[in-house]
Number of protein chains: 2
Amino acid sequence: QRHNSTEPWFLDCLSCFPMQHLKEWVAVESDSVQPDLRREVIRMVTLAADRLRALGATVHSVNLGSHQLPDGQSVLLPPVILAELGQDPQKPTVCFYGHVDVQPAKKEDGWKTDPYTLTEINGNLYGRGATDNKGPVLAWINAVETFRALPVNLRFVIEGMEEAGSPGLQRLLEGERRRFLAAADCFVLSDNVWLSRRKPALTYGTRGSACFLVESGDKDLHSGTFGGIIHEPMTDLVALLDSLVDPTGHIRIPGIYDSVAALTEEERKLYESIEFDMEEHKSNSGVKRFLYDTKEEILLHLWRYPSLSIHGIEGAFHEPGIKTVIPAKVTGKFSIRQVPHMELSVIKQQVVEYLEDVFSKRKSPNKLSVSMPLGAKPWLADINDPVYTAARRAVRTVFREDPDFIRDGSTIPIARMFQTITQKSVIMLPIGAADDGEHSQNEKISRHNYIEGTKVFAAFFLEIAKLHEQLQQTSKTKTDN
Amino acid sequence: QRHNSTEPWFLDCLSCFPMQHLKEWVAVESDSVQPDLRREVIRMVTLAADRLRALGATVHSVNLGSHQLPDGQSVLLPPVILAELGQDPQKPTVCFYGHVDVQPAKKEDGWKTDPYTLTEINGNLYGRGATDNKGPVLAWINAVETFRALPVNLRFVIEGMEEAGSPGLQRLLEGERRRFLAAADCFVLSDNVWLSRRKPALTYGTRGSACFLVESGDKDLHSGTFGGIIHEPMTDLVALLDSLVDPTGHIRIPGIYDSVAALTEEERKLYESIEFDMEEHKSNSGVKRFLYDTKEEILLHLWRYPSLSIHGIEGAFHEPGIKTVIPAKVTGKFSIRQVPHMELSVIKQQVVEYLEDVFSKRKSPNKLSVSMPLGAKPWLADINDPVYTAARRAVRTVFREDPDFIRDGSTIPIARMFQTITQKSVIMLPIGAADDGEHSQNEKISRHNYIEGTKVFAAFFLEIAKLHEQLQQTSKTKTDN
């Protein structure tokens, strides 16, 4: 059922919204982190291409070949979808980016429902990918589908390797700078969530992420036969990981805070006005007490200061029960979320030098190896850009209130990538709520957010069409700089 | 083909030794550590019972019911086999203990052959359980089979839960003290290996083992969304594990060394005379440098001082690749090998108090929980006991040299258990070599050791029969004490 583009028809038309596509998409275990599930990722990308073709879009599936895993194994990459819908020079061209791969999820991780069966409980749609990012991608497609005559031209970049660092995507986009991407006036991503459960938000910055592997050793040994006479690689690794961050969350790596942008008074004021319910955030996270007591300190440390998290150890015993083995080849995994103006190459050097120093003091004969297989830069946008104006108006039309202007502590490297490659406006327009639990157990999107989010996207098409001239002007200024 | 018991016939008769039974036994994935493989353990125990019946033994399969896992799940226990062969009051009665369960093993852990397919390469028989403990159990059965008239009465205790701490076994044996176990004059275990690749050894002591779990947290979180504002359970756990042992292998838990038996001058001399090739041990372990430089220091720290090993973390990301999650419910696993006269209850209290102290200094809101699900005592025997004399003579007959008298850094709780319950002589008579890699990848027993070990067992039957009177005398003295 397509409507005339001049009417705000969509406010009431989606109440009997079909969930069938989301159900189908969530059912695909398109986990891009675990290489043995790559076939499912590829199948998922094909499903997405089918949906876009059903919209009437011209779909190109770009083959990226294969990539090499840390262990040397070569694995096929899923294709990237580049799709076009509309070529009217009188309309602005909006390019939407989304991903259809997901983080690993298993029922036994603590899910109350099967992660690959979309299940509605009390108005929430539970399932891996429901909010990150299958739900928002479908909401955008659904928004397009409600128009009889679209007020904008559309481009789509849909990939299946986001959760694994999007290998090959940057090169593809760089190559498409003067071709596929040239027509786009702005880029929209919806790959994050609001700061609140209730109040909509627009996102103008994200932290970067540098992932590190620390490795030690070779052959498993029996703790009875060797315990007490060797330097155990696991003991070395635990000491290395323990040296990274102190109990107050302060990163111990010398120099790591040196290039963090100074906080201006104006910026501090922006933080003061944001609506943020600490208690709500605490209950969403299941955390009893934060490292900081005030809203401002919490948001500052989440958005504009770096953090370090230890994710796990590969090669040690990880199953239930007990195995009294001395694990020998162990790999610790941690990441640093970094912010403007930290440089990845500098961070890497600081981490390597620090860990080598800590390790050398242990006088262990084990081998240390530190690598940074993934590094993504932080991103920061100008909130006075017309694309933010259009989004603000769209949110106001649907939700009857202004959105908060927020940053995101997570990393969405693609925002920074589109900005760097095209010099065009980039906006993150989230539709999921703070308690959606992306990357976590019991990930969900609420039925309400899924439907209202679809409306916001539709309203955004109308608003950005009105700002076509202003958008072109901004775009020209940016490209000239 | 059974021979007359008075002749040392067995020195040349086993060269065309059949490997079929060992192949069949290794093929069973009787991993008692992982509860979902329990059916295989039970199948393995049934196979062992069949072999004993084929010897002519009377076999009792004692049902131990089920046991509860740490997660509350109830799992069936395999039965314990109690078997009898011979009731002649003119012969001594030797009780053999062995286990037919194994440690976990997967090809992808780094095995060069399939762990459940017995594979001979350069005279070595590779496979999980080849040396720990399926090979030695079969060698004992094979030794019995070579006799037309056995010089001893035999009893067998064969279990399938040794690698998981033998739940229920102690109670069973206590109940059988005045029944099945009463007839036995001595107990033989062959559940460990020589100190050298080449030179046989008899073992007169083992360390105990106390396994600990340290747990923290509840729900996984995204490192972007929460990194920098919460006390991460993984950071807490890594700090706790790092506090346990220093880079020189010294355990940092206050008081832990207090009750370690003082080293006598006589004992130190015993260590000096042991043949121990440090370079060989180094190359067996793949370790570049030990914590100590001299043979004596190494053996002392392996056998008569405690050690602490960290085995792994449950609940954190452990697979290849990267998952930027903040794991929330994480459980660290470590064990302390303890020695006379350390007491398990004291160790537990010291560990709990120390970890609680370290944790409280971090001022973390996370929950700490420390438990000791497994604790096994150390064991020490008198090397002047007739059972050691018989074993020494048997080794000399087969290998034409005296065995070393050694201790073992590992824990074989059953040795201590038989000693405590029956007050009879207990000997550990290993037939595997130092490089067998029990509990490790590429576990093996050499064809040579398997065959010569069988001969040692047969020779031992003859020698212990000669010392029947002396054995009864010792047994009487011990029980009187």
Side-chain angles (χ1 to χ4, degrees), chain A residues 33-34 104 211 218-230 232 234-235 238-239 241-242 245 247 249 285-292 298 301-302 305 307 309-314 316-318 320-327 333 335 337 362 365 374 409-411 438-441, chain B residues 33 71 104 211 218-230 232 234-235 238-239 241-242 245 247 249 285-292 298 301-302 305 307 309-314 316-319 321-327 333 335 337 362 365 374 409-411 438-441:
Chain A
V33 175
Q34 297 180 79
C211 294
D218 183 37
K219 185 189 168 189
D220 279 3
L221 296 170
H222 188 290
S223 67
T225 318
F226 294 99
I229 63 166
I230 61 166
E232 303 188 8
M234 186 71 172
T235 311
V238 161
L241 295 176
D242 187 32
V245 60
S285 64
V287 162
K288 278 170 245 153
R289 175 158 50 82
F290 287 129
L291 284 165
Y292 306 95
I298 286 173
H301 281 91
L302 206 47
Y305 290 120
S307 67
S309 298
I310 303 167
H311 306 301
I313 292 173
E314 184 184 339
F317 185 62
H318 59 265
I322 281 160
K323 187 182 175 187
T324 54
V325 107
I326 300 176
K333 300 180 180 192
S335 70
R337 297 280 169 179
R362 296 182 63 81
L374 283 182
S410 328
T411 305
E438 75 273 30
H439 288 214
S440 178
Q441 300 99 318
Chain B
V33 175
D71 67 1
C211 294
D218 185 36
K219 184 189 168 190
D220 278 4
L221 297 168
H222 188 289
S223 66
T225 317
F226 293 98
I229 62 166
I230 61 166
E232 303 188 8
M234 185 71 171
T235 310
V238 161
L241 295 177
D242 187 31
V245 60
S285 64
V287 162
K288 278 170 242 150
R289 176 158 52 80
F290 287 127
L291 284 165
Y292 306 95
I298 287 173
H301 282 91
L302 206 49
Y305 290 119
S307 67
S309 297
I310 302 167
H311 306 301
I313 292 173
E314 184 184 339
F317 186 61
H318 59 264
E319 289 172 70
I322 282 160
K323 187 181 177 188
T324 55
V325 108
I326 300 176
K333 301 178 181 193
S335 69
R337 297 279 169 179
R362 296 182 64 81
L374 282 182
S410 329
T411 305
E438 74 274 32
H439 289 213
S440 178
Q441 299 98 320

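So that the names make sense, note that chain A is the first sequence line, chain B the second, and so on, each numbered from 1.
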Top contributor to chain B interface from A:Leu241, A:Ile298, A:Ile322 [non-hydrogen pairs under 4.5 Å]: A:Ile322
According to side chain to side chain donor-acceptor pair (under 3.5 Å), who are the partners of A:Tyr292, at least two apart in sequence or on a separate chain? A:His301
Going from NE2 on A:His318 to CZ on B:Phe317, what distance comes out if it is rounded to the nearest 0.5 angstrom? 10.5 Å
Work out which heavy atom in B:Ile310 is nearest to a heavy atom in A:Val238; give both atom names and the distance. CD1-CG2, 4.2 Å
Separation of A:Ile230 CD1 from B:Arg289 CZ (nearest 0.5 Å): 12.0 Å
Between CD1 of A:Ile229 and CG of B:Leu302, what distance do you get to the nearest 0.5 Å? 4.5 Å
How about A:Cys211 and B:Thr324: do any of their side-chain heavy atoms sit closer than 4.5 Å? yes
Main-chain N/O of B:His439 paired with A:Lys323 side-chain donor or acceptor, under 3.5 Å: no
Grab the two heavy atoms, one from B:Glu319 and one from A:Glu314, that are nearest each other, plus how far apart they are. O-OE1, 3.5 Å
For B:Ala316 and A:Gly312 the tightest heavy-atom approach is CB-CA, 3.7 Å
Checking B:His311 side chain against A:Val325 main chain: does a donor-acceptor pair fall under 3.5 Å? yes
Counting heavy-atom pairs closer than 4.5 Å to chain B, which one of A:Leu374, A:Ile313, A:Leu291 comes out on top? A:Leu291
